[in-house]
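Here is the structure we will look at, set down as structure tokens.
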Amino acid sequence: MQRMSTLFLRTLRDDPADAEVPSHRLLVRAGYIRRIAPGVYSWLPLGVRTLGRVSRIVRQEMDRMGGQEVLFPALVPRDLYETSGRWTEYGDLLFRLQDRRGADYLLAPTHEELFTTMVKGELSSYKDLPVTLYQVQTKYRDEARPRAGILRGREFVMKDSYSFDLDDEGLQRSYDAHRAAYVRIFTRLGLDHRIVAAVSGAMGGSASEEFLAPAVNGEDTFVQCTSCDYAANTEAAEVQAAPEQDPSTRPPLQVLDTPGTPTIETLVAVLREQGHDLDASQTLKNVVVTLRSPGGAEELLVVGVPGDRDVDLKRLGANVEPAEVVPFDDFAGHPGLVRGYIGPQVLADLGIRYLVDPLVVRGSAWATGANQEGRHAVGVVMGRDFEPAGTIPAAEVRDGDPCPRCGSALSVDRGIEIGHIFQLGKKYANAFSLDVLGPDGKPVRVTMGSYGIGVSRAVAAIAEQCNDEKGLVWPRGVAPFDVHVVAVGKGDDQRVAAERLALELEEAGLDVLLDDRGGSPGVSFKDAELLGVPSILVVGRSLAEGTVELRDRRAGTSTDVALADAVTAVLADVRG
RNA sequence: CGGGGAGUGGCGCAGUGGUAGCGCUCCACGUUUGGGACGUGGUGGUCGCGGGUUCGAGUCCCGUCUCCCCGACCA
């Protein structure tokens, strides 16, 4: 039993000035966390209890799916990360330091290198596989801009696991097992979550899905179908394209004088004046970018998207990995590209690669640049007047776009990335030559899966989803206590009865918080609501009639129960 | 890195060149006890840092550091 009179806690009456999002505001106000440096937080007893409950659920489910826990140093020497290439690849995101002899170390941002070398050191036979190892520990990333309290910190607790398999089929089984375990974990955590298709990003690998907790303050944007179960990160999102048409049935291309129309808006206005009934969605916007490959080589690329949409640089960027998209403005160096009047008709001749968003289909007719200052062309048909080198998802995805599976409207929403699973493949196995001997005595290169859960971030994500104007409202599984017993009233009777009930509840196996401070009732009630324990048992004025009050924090309801039935009622609440 | 804002007791904030303040918190005593109660008395601050102007700087000037927010970035 924890008594409020001795609990290391101070709640704040005012919101901290530096906190914007609810999770940050409330976790600080309710005394769960305190800021130490940008993106670095201390956890107070209430916070530790909640973080501990979240970690325990994660561990239980990882163990249940056959994972085995290991613990790595946070402080690791440079050479391991030199071997994998990440000492340089990670760039400024890596916390680096030196020991007294000047040897380079880093604070691990993630532990692929350690997992891989550990397995390499211990296992050497195909009979040892498959195996899944996991860790729950603090990791470090020198984020350019930490924000929103523990939602995006520079030091954070993460569960990372890795599966080691002999072949793709094994990897798929490990991946599926993790996916199922993650669903159980997030369900037990009380998190509303979505599994969305993702791009695997800089980590390489193929199949990749993210677990997102929908929240208005989330940093990730994703789409979900309003009628089927399709969901994807915007980077990976697909949109159903219009049907293709036969290019030969289209009216011929026509070049028009459209002076002073370097933007879609001005173009549409002028075309309308000239009697062409068009809107922006029937224009083709061609955006020039430079692609810089990891080796430093640069290539010009023009991307075509419907004119009523912007290019989504994140989406485009994710689809040109590992190359990087760099803004282009060297029109002087490329006289063939007429700023504001670029059309795809001549790009092939200029030797410039042209890709279109999948919304631009064969046989579609467009108003677009005529590659001369002040001139545009209408009736420009893909497959007749130009032929792109391919398609690339680059246009912004919008609410109402058709679902690629069923054609219903997609909805665009924000979410917090709480988990990411993907098939890493052989990147690290290759870097560290991780082989085991196969049945035929020949080495087999191991294939890996990588699966992460942001544990401290999950605490913030839960707080983000579970709060009201009064404070936090924890789901049962993660609340710092199962029940919050509040004694109010000036007499000793309430205090004595509350003490006895708290003891009985504890004996029944519950984690009990007892407010024995004896201050004014308002303070106790406000604090109880702020802290967010889901069941609040009030021992107050109705004690004279032999009853106590059992409140449901979430519903805001209150039930009178006989003193003798109180323990049973709380247990039913907590376990029900 | 670009843009915006802010640095004054534990928290939130005011401060007009002239004795550093208010609310909350905290401590003591008394009253109070079903919605952050009241009274009286108290604790707590080198006003981010360094220069400068001035008889005198929290306030004006120069420099610098830090933090927060939006964007860029981000397994």
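Reckoned from all heavy atoms, side chains included, excluding hydrogens, waters and symmetry mates. Remember, predicted model here, so these are calculated numbers, not experimental data. Lettering follows sequence order; numbering is per chain, from 1.
- For B/A14, there is no paired base (Watson-Crick or G-U wobble, both distances below 3.5 Å).
- Going from atom CD of A/Glu469 over to atom C1' of B/G36 covers 15 Å, rounded to whole Å.
- The same atom, C1', is picked in B/A20 and in B/G56; the two are 15 Å apart, to the nearest Å.
- Spacing between B/A28 and B/G44 at atom P, rounded to whole Å, works out to 16 Å.
- Looking at heavy-atom distances under 4.0 Å, A/Arg517 makes no contact with the nucleic acid at all.
- The separation between A/Arg145 atom CZ and B/A72 atom P is 10 Å, rounded to whole Å.
- Using a 4.0 Å heavy-atom cutoff across all strands shown, A/Ala144 reaches at least one base atom of the nucleic acid.
- The aromatic rings of A/His111 and A/Phe72 lie parallel to each other, their planes meeting at an angle below 30°, with 60° marking the opposite boundary.
- A donor-acceptor pair shorter than 3.5 Å cannot be found between the side chains of A/Asp560 and A/Thr547.
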>> I need a per-nucleotide contact map over nucleotides 21-27 of chain B, read 5' to 3'. Cutoff is protein heavy atoms under 4.0 Å; write B for the base, S for backbone only, - otherwise.
In response: --BSSS-

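- Relative orientation of the A/Phe164 and A/Tyr162 rings is tilted, given thresholds of 30° and 60° on the angle between their planes.
- Distance noted for atom C1' between B/G42 and B/G9: 15 Å (whole Å).
- B/C26 is paired with B/G42 under the Watson-Crick or G-U wobble criterion, all donor-acceptor distances under 3.5 Å.
- Using a 4.0 Å heavy-atom criterion, one finds that A/Asp15 contacts the sugar-phosphate atoms exclusively.
- Under the 3.5 Å distance criterion, with hydrogens and angles disregarded, a donor-acceptor pair is assigned to the side chains of A/Arg445 and A/Asn430.
- Figure legend: A/Arg49 and A/Phe481 shown as a cation-pi pair, the cationic atom lying under 6.0 angstrom from the six-membered ring centre and within 45 degrees of its axis.
- With rounding to the nearest 0.5 Å, the separation of NE2 in A/His178 from CE in A/Met62 is 3.5 Å.
- Rounded to whole angstrom, the span from the CG atom of A/Leu151 across to the P atom of B/C68 amounts to 14 Å.
- Toward the 5′ end of RNA chain B lies the nearest nucleotide of A/Ala19, the other residue of the pair A/Ala19 and A/Phe156 mapping further downstream.
- For the pair A/Asp220 CG and B/C73 P, the interatomic distance rounds to 13 Å; values are reported in whole Å.
- With rounding to whole Å, A/Asp18 atom CG is found 10 Å from B/C11 atom P.
- Side-chain proximity of A/Pro38 to the nucleotides B/C68, B/G35, B/C11 is greatest for B/C68.
- The C1' atoms of B/G48 and B/G58 are separated by 12 Å, rounded to the nearest whole Å.
- Taking atom P on both nucleotides, B/G18 is separated from B/C68 by 33 Å, rounded to a whole Å.
- In terms of modelled atom types and a separation under 3.5 Å, the side chain of A/Asp142 and the main chain of A/Phe95 share no donor-acceptor contact.
- A/Arg29 places its CZ atom 11 Å from the C1' atom of B/C11, with the value rounded to the nearest Å.
- Under the 6.0 Å distance and 45° angle rule, A/Arg96 counts as a cation-pi partner of A/Trp87.
- Between A/Asn217 and the choices A/Glu20, A/Arg414, A/Glu464, A/Arg147, the side chain to side chain donor-acceptor pair (under 3.5 Å) rule is met once, by A/Glu464.
- Distance noted for atom C1' between B/A37 and B/C24: 14 Å (whole Å).
- Within 4.0 Å (heavy atoms only), A/Ala148 reaches sugar-phosphate atoms of the nucleic acid but no base atom.
- If you check B/U53 for Watson-Crick or wobble pairing at under 3.5 angstrom, you find it has no partner at all.
- When rounded to the nearest whole Å, the span between CZ of A/Arg35 and C1' of B/G12 equals 16 Å.
- Atom pair A/Ile536:CD1 and B/G35:C1' shows a separation of 12 Å (rounding to whole Å applied).
- The partner of B/U32 cannot be assigned: no Watson-Crick or G-U wobble pair with both contacts below 3.5 Å exists in any strand.
- In this structure, A/Glu417 reaches neither bases nor backbone, as no heavy-atom distance under 4.0 Å exists between it and the strands shown.
- Using N1 to N3 plus N6-O4 or O6-N4 for Watson-Crick, or N1-O2 and O6-N3 for G-U wobble, each under 3.5 Å, B/G2 pairs with B/C70.
- Residues A/Tyr90 and A/Thr110 have side chains in contact (heavy-atom distance under 4.5 Å, counting atoms from C-beta outward).
- For the side chain to side chain donor-acceptor pair (under 3.5 Å) test with A/Tyr41, the passing option among A/Glu155, A/Arg154, A/His24, A/Arg34 is A/His24; the others fail.
- Distance noted for atom C1' between B/C67 and B/U25: 23 Å (whole Å).
- Annotation: B/U46 and B/U8 have their C1' atoms spaced 12 Å apart (nearest Å).
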Distances for protein N or O near nucleotides 31-34 of chain B N or O, under 3.5 Å:
{"unit_1": "B/U33", "atom_1": "OP2", "unit_2": "A/Lys490", "atom_2": "NZ", "d": "3.2"}
{"unit_1": "B/U33", "atom_1": "O2'", "unit_2": "A/Lys490", "atom_2": "N", "d": "3.1"}
{"unit_1": "B/U33", "atom_1": "O2", "unit_2": "A/Gly519", "atom_2": "O", "d": "3.0"}
{"unit_1": "B/G34", "atom_1": "O2'", "unit_2": "A/Arg541", "atom_2": "NH1", "d": "2.7"}
{"unit_1": "B/G34", "atom_1": "N7", "unit_2": "A/Arg541", "atom_2": "N", "d": "3.3"}
{"unit_1": "B/G34", "atom_1": "O6", "unit_2": "A/Arg541", "atom_2": "N", "d": "2.9"}
{"unit_1": "B/G34", "atom_1": "N1", "unit_2": "A/Glu549", "atom_2": "OE1", "d": "2.6"}
{"unit_1": "B/G34", "atom_1": "N2", "unit_2": "A/Glu549", "atom_2": "OE1", "d": "2.9"}
{"unit_1": "B/G34", "atom_1": "N2", "unit_2": "A/Glu549", "atom_2": "OE2", "d": "3.0"}
{"unit_1": "B/G34", "atom_1": "N2", "unit_2": "A/Arg551", "atom_2": "NH2", "d": "2.7"}

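- Under 3.5 Å, the side chains of A/Asp515 and A/Ser524 contain a donor-acceptor pair of N or O atoms.
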